[in-house]
Number of protein chains: 2
Amino acid sequence: MTNAHDVLFRTLSDPTRRAIFERLCRQGEQTVGALTAQSGVSQPAVSKHLGVLRQAGLVRDRHEGRQTHYSAQLAALSPLTDWTNQMNAFWQSRFDDLENLLKRMDQ
Amino acid sequence: MTNAHDVLFRTLSDPTRRAIFERLCRQGEQTVGALTAQSGVSQPAVSKHLGVLRQAGLVRDRHEGRQTHYSAQLAALSPLTDWTNQMNAFWQSRFDDLENLLKRMDQ
DNA sequence: GGGATCGATAACCCGGTGGCTATTGATTGA
DNA sequence: TCAATCAATAGCCACCGGGTTATCGATCCC
């Protein structure tokens, strides 16, 4: 019963992890070393975060010699956009119902 | 350094809590009792979740006699929409840079 | 081949958080 | 007035998750 929204929200809820993802969005492909250098946490911590991001489909890894390059997969954000749109839709639909109700009451 | 995104993502990352918020979006104002009835957790748990949602600005409470009515505050979601838009913007801007580079190389 | 670097994994610790039961405070209504 | 209901709070517990250090495997370069 664990859906795409769960994974996305949970993955992005950690500030350190979200910062890593943001950096990959801003500056494109980065090595683990580069990401570690400005993350404020240890290299194993960064690797763990990257693992979580990868499992959520938010990043890809590309191996090149002994270093690994990570890049953001922006398409993976769409369930999140969909979710907010859906919430807005529900809200709007209820608003329309209210409008209809008022119209009927007006007659 | 804890910004609006932190609060939103963290608040919505819990499935139970997000389900409560979704229900308030779908069906509008609800009492704690009604929300508890279909949440699968105890009433105190629901109250705690509502407290977190309220602190995040995602819900309002309205007291009426001995029962409390909660409703979704959809506007509070905008930082989330902004964030995804920003990520897309970064991505797009890097893509444009690549395009420009290719154009320059083409000449 | 051998030392150095890079990144992943293992093993562990600790704090936060979501759950529970019990209780309290307030309001309702018989 | 008093029992019952509603929601919030208190107090507790168990688990998860993010951090660390240590280590390993692999690759690079001398």
Side-chain angles (χ1 to χ4, degrees), chain A residues 1-3 5-24 27-73, chain B residues 1-3 5-24 27-73:
Chain A
M1 178 75 177
T2 199
N3 55 18
H5 304 144
D6 271 292
V7 177
L8 273 191
F9 276 115
R10 178 153 300 285
T11 301
L12 294 172
S13 66
D14 180 72
T16 308
R17 189 158 50 225
R18 199 171 60 255
I20 291 174
F21 178 71
E22 289 183 13
R23 173 133 203 245
L24 289 175
Q27 275 129 33
E29 199 180 69
Q30 306 269 326
T31 67
V32 176
L35 291 170
T36 300
Q38 62 100 52
S39 68
V41 295
S42 66
Q43 174 266 312
V46 172
S47 275
K48 219 190 274 185
H49 282 308
L50 288 169
V52 175
L53 286 167
R54 183 160 37 92
Q55 279 206 329
L58 285 165
V59 300
R60 290 183 73 235
D61 56 347
R62 178 175 70 81
H63 299 281
E64 182 180 330
R66 63 183 162 180
Q67 52 192 5
T68 313
H69 299 259
Y70 281 87
S71 54
Q73 292 290 101
Chain B
M1 179 73 175
T2 199
N3 54 19
H5 305 144
D6 272 293
V7 177
L8 274 191
F9 277 115
R10 177 156 299 287
T11 302
L12 295 172
S13 67
D14 180 74
T16 308
R17 189 159 52 228
R18 196 170 63 255
I20 292 175
F21 178 71
E22 288 182 14
R23 173 136 201 241
L24 289 175
Q27 275 129 32
E29 199 180 68
Q30 306 269 328
T31 67
V32 177
L35 291 170
T36 300
Q38 62 101 50
S39 67
V41 295
S42 67
Q43 174 267 313
V46 172
S47 276
K48 216 191 275 186
H49 282 307
L50 287 169
V52 175
L53 286 167
R54 184 161 36 102
Q55 279 206 329
L58 285 165
V59 300
R60 288 184 74 236
D61 57 346
R62 179 175 70 82
H63 298 280
E64 183 180 328
R66 64 184 162 178
Q67 53 193 5
T68 313
H69 300 257
Y70 282 88
S71 54
Q73 292 291 101

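Remember, predicted model here, so these are calculated numbers, not experimental data. Lettering follows sequence order; numbering is per chain, from 1.
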Subject >> Within 6.0 Å of CZ in B/R23, more than 12 heavy atoms from elsewhere >> reply: yes
**OP:** Establish, with yes or no, whether the OP1 or OP2 oxygen of D/dA8 is under 4.0 angstrom from a side-chain nitrogen or oxygen of B/Y70.
**Re:** yes
Subject >> Closest listed nucleotide, where the reference is the side chain of A/S47 and the choices are D/dT9, D/dT5, C/dT9 >> reply: C/dT9
Original post:
Can you check the B/E29 CD to D/dA7 P distance for me, whole Å?
Top reply: 12 Å
**OP:** Please report, rounded to the nearest Å, how far the C1' atom of C/dG18 is from the CG atom of B/D14.
**Re:** 7 Å
**OP:** Give one of base, sugar-phosphate or nothing for A/Q67, where a contact means two heavy atoms less than 4.0 Å apart.
**Re:** sugar-phosphate
Subject >> B/H49 side chain, from C-beta outward: closest of D/dA7, C/dG19, D/dG19 >> reply: C/dG19
**OP:** Would you indicate what A/T31 reaches in the nucleic acid, counting non-hydrogen atoms under 4.0 angstrom: base, sugar-phosphate, or nothing?
**Re:** sugar-phosphate
Subject >> Pairwise distance CZ(B/F21) to CG(B/L53) - rounded to 0.5 angstrom >> reply: 7.5 Å
Subject >> Per A/P44 side chain, nearest of listed nucleotides C/dG7, C/dC20, D/dT20 >> reply: D/dT20
Original post:
Using a cut-off of 4.0 Å on non-hydrogen atoms, how would the nucleic acid contact of A/A45 be classed: base, sugar-phosphate, or nothing?
Top reply: base
Original post:
Between D/dA7, D/dT27, C/dC20, which nucleotide has the shortest distance from any of its atoms to the side chain of B/V41?
Top reply: C/dC20
**OP:** In sequence, state the C-alpha distance, the side-chain angles, and the governing distance for B/I20 and B/Q30, and then conclude on side chain to side chain contact (heavy atoms under 4.5 Å, CB included).
**Re:** CA-CA 10 Å; B/I20 292 175; B/Q30 306 269 328; over 6 Å; no
**OP:** Respond yes when some side-chain nitrogen or oxygen of A/R66 is under 4.0 Å from OP1 or OP2 of D/dG25, and no when none is.
**Re:** no
**OP:** Apply the test side chain to side chain contact (heavy atoms under 4.5 Å, CB included) to residues A/L35 and A/V32: give CA-CA distance (whole Å), side-chain angles for both, the deciding distance (0.1 Å), then the verdict.
**Re:** CA-CA 5 Å; A/L35 291 170; A/V32 176; 5.7 Å; no
Subject >> Rounded distance in Å - CZ (B/R54) to C1' (D/dA7) >> reply: 11 Å
**OP:** Identify whether any heavy atom of A/S42 sits under 4.0 Å from a base atom; if not, whether one sits that close to sugar-phosphate; answer base, sugar-phosphate or nothing.
**Re:** base
**OP:** Quick one: closest heavy-atom pair of A/R10 and B/P15, and the distance?
**Re:** NH2-CD, 4.2 Å
Original post:
When the nearest nucleotide of DNA chain D is assigned to A/S13 and to A/E64 on a heavy-atom basis, which residue is associated with the more 5' position?
Top reply: A/S13
Subject >> Derivation and outcome, side chain to side chain contact (heavy atoms under 4.5 Å, CB included), residues A/L8 and A/L58 >> reply: CA-CA 9 Å; A/L8 273 191; A/L58 285 165; 3.9 Å; yes
Original post:
Please give, in whole Å, the distance from C/dG16 P to B/Q55 CD?
Top reply: 15 Å
Original post:
Would you say A/T68 reaches C/dA8's phosphate, i.e. side-chain N/O to OP1/OP2 under 4.0 Å?
Top reply: yes
Original post:
How long is the line joining CG of B/D61 and P of D/dC6, in whole Å?
Top reply: 18 Å
**OP:** Send over the distance from A/I20 CD1 to D/dG18 P, rounded to a whole Å.
**Re:** 11 Å
**OP:** Report the distance from atom CG of A/L35 to atom P of C/dG7, rounded to the nearest whole Å.
**Re:** 9 Å
**OP:** Would you indicate what B/H63 reaches in the nucleic acid, counting non-hydrogen atoms under 4.0 angstrom: base, sugar-phosphate, or nothing?
**Re:** nothing
Original post:
For the pair made of CD in A/Q43 and C1' in D/dT21, what is the distance, rounded to whole Å?
Top reply: 12 Å
Original post:
Is there a donor and acceptor pair, one atom on the side chain of A/K48 and one on the base of D/dG17, closer than 3.5 Å?
Top reply: no
